[in-house]
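These notes are about the structure you will find just below.
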Amino acid sequence: MSPVTHAPGWEWFYVGLYFFFGGVSAGAYFIGSLAEFFGGGRHRGISRTAFYIAFPILLVTPPLLIGDLGQPLRFWHLLFDARSGFPYVNLSSPMSVGSWALVLYGAMAFFSFLDNLVAEGKLDFAPFARVYGRVPRKVYAAVGSAAGFFIAGYTGVLLNVTSRPLWALTDPLVGALFIASAGSTGAAAIYLVMKWRRVHPGPELEEFERFDRIVKILEIGLAVAIVIAAGKYAGVLFRGPYAVMFWGGAILLGTFVPLATNWYAHRPGRHVQSEPAAVLMACLVLLGGLLLRISLVQAGQL
């Protein structure tokens, strides 16, 4: 007989959206860091776009996280000792560790955002620009990408460490799936903003799309692995609204259709995907990433 466990009572409009926006931001920043480290200047359009969007998207997450606490004014207890008032990291609390990781990642994303403004001459008042220009952008890109990578997977690990069967039995697969989804949704967000800003990545777009195809394949594989690992507790993902969200929204529309469309557009004899179709596929990826998190968060509480 299965032990009786209590659902945490997480609401999708707080936790699901927090997981989603945090994943998009972290995924975009990680892609931007890869482009900065290994692009040799060729991928500057991708990295700058990624750093422009990572911090503003991240700003959406603190209100969602605080709003779900029930007692929002006690949020500072995650970062500071309630008795002494000094900063501390409660290693036994995933929420405390995750909150500090969010602070660290947010700081690095903010620095990279400022670096873009300075590099493009949009923030050049003295002495700030001269002082800031001495800081190697790759230093905070390295720290930020590591913290962002943690944030992307931490939200899935937060589910895995609970006692709910669907989540506990799939440890550490949900965290891995959220990391892959962060890469996919981050790439979609970068693509949409590049189109909006009329930034043309040129030859490096092929490498960008190759990365996107890899993470989509990983998403599908990890989703199947989660269902297998969960066994009978995955039944909730095969009926009702969560089946539509998970299989129809996240896997079919958000992952498989964009993947198949991209492959079809690059089959022998064709070398380009029409811009309207590419924009539509990027929007489907973002919708799928949102539905993935909502379905797993809500289904695990049933």
Side-chain angles (χ1 to χ4, degrees), residues 12-37 43 45-68 95 97-117 137 140-159 174-197 199 208 211-212 215 219 250 254 282-283 285-294 296-297:
W12 72 265
F13 46 83
Y14 282 136
V15 175
L17 289 175
Y18 162 61
F19 286 2
F20 171 70
F21 285 113
V24 174
S25 173
Y29 193 91
F30 184 70
I31 292 171
S33 298
L34 290 178
E36 188 69 40
F37 292 140
H43 302 330
I46 292 175
S47 64
R48 283 189 175 172
T49 301
F51 295 151
Y52 262 135
I53 67 176
F55 180 68
I57 292 175
L58 185 67
L59 291 179
V60 181
T61 62
L64 295 170
L65 180 60
I66 294 172
D68 187 64
M95 290 290 289
V97 174
S99 297
W100 276 110
L102 193 64
V103 169
L104 176 61
Y105 168 62
M108 298 302 105
F110 178 61
F111 291 156
S112 295
F113 179 79
L114 291 181
D115 179 70
N116 272 354
L117 297 177
R137 63 167 57 96
Y140 40 80
V143 176
S145 60
F149 191 81
F150 176 85
I151 289 295
Y154 147 78
T155 53
V157 173
L158 188 62
L159 299 182
V174 177
L177 177 59
F178 279 10
I179 289 174
S181 178
S184 181
T185 54
I190 291 172
Y191 178 81
L192 289 175
V193 174
M194 283 197 301
K195 286 297 182 183
W196 176 64
R197 297 184 68 213
V199 175
F208 182 68
F211 170 85
D212 188 45
V215 294
E219 279 188 83
C283 292
V285 169
L286 290 173
L287 175 62
L290 175 60
L291 294 178
L292 172 70
R293 287 159 177 80
I294 291 176
L296 287 176
V297 167

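Predicted model only: the values in this text are computed from it and were never measured.
Residues forming a side-chain hydrogen bond (donor to acceptor under 3.5 Å, both in side chains) with Ser184 (at least two apart in sequence, or on another chain): Lys216, Glu219. Applying the ring-ring contact (aromatic ring centres under 6.0 Å, His included) rule to Tyr105 yields the partners Tyr29; only residues at least two apart in sequence or on another chain are considered. Residues satisfying the side chain to side chain contact (heavy atoms under 4.5 Å, CB included) test with Leu291, not counting sequence neighbours, are Met245, Leu287. Applying the side chain to side chain contact (heavy atoms under 4.5 Å, CB included) rule to Val193 yields the partners Thr49, Ile53, Trp196, Arg197; only residues at least two apart in sequence or on another chain are considered.
Of the possible polar contacts, none joining the Ser47 side chain to the Gly32 backbone as a donor-acceptor pair under 3.5 Å is found.
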Would you sort out whether Leu158 and Phe19 count as a side chain to side chain contact (heavy atoms under 4.5 Å, CB included), showing the intermediate values? CA-CA 10 Å; Leu158 188 62; Phe19 286 2; 4.2 Å; yes
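Nearest heavy-atom pair, Leu290 versus Gly16, reported as atom, atom and distance to 0.1 Å: CD1-O, 4.5 Å. Smallest separation of non-hydrogen atoms from Tyr140 and Met108: CB-SD, 3.4 Å. The two residues Tyr18 and Leu64 come nearest to each other via the heavy atoms N-CD1, 3.6 Å. The shortest heavy-atom contact between Ala182 and Thr185 is O-OG1, 3.3 Å. In this structure, Ile31 and Gly183 approach most closely via the heavy-atom pair CD1-O, 3.5 Å. Summarising the geometry of Gly289 relative to Ser181, their closest heavy-atom pair is CA-OG, 4.0 Å, with the distance given to 0.1 Å.
Sorted pairs that involve residues 54-66 and meet side-chain hydrogen bond (donor to acceptor under 3.5 Å, both in side chains), not counting sequence neighbours, are lacking altogether.
At least one side-chain heavy atom of Leu34 sits under 4.5 Å from a side-chain heavy atom of Phe30. Using a 4.5 Å heavy-atom threshold, the side chains of Leu58 and Phe113 count as separate. Counting heavy atoms from C-beta on, the side chains of Phe51 and Asp115 never come closer than 4.5 Å.
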Would you give me the side-chain donor-acceptor pairs under 3.5 Å for residues 147-156, sequence neighbours excluded?
from	atom 1	to	atom 2	distance (Å)
Tyr154	OH	Pro94	O	3.4
Thr155	OG1	Ala152	O	3.2

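Distance check, rounded to the nearest 0.5 Å: CZ of Arg48 to CE of Met194 gives 14.0 Å. For the atom pair CZ (Phe110) and CG (Leu114), the distance works out to 4.0 Å, reported to the nearest 0.5 Å. The distance from atom CG of Leu59 to atom CZ of Phe21, rounded to the nearest 0.5 Å, is 11.5 Å.
Side-chain atoms of Tyr191 and Asp212 include no donor-acceptor pair closer than 3.5 Å.
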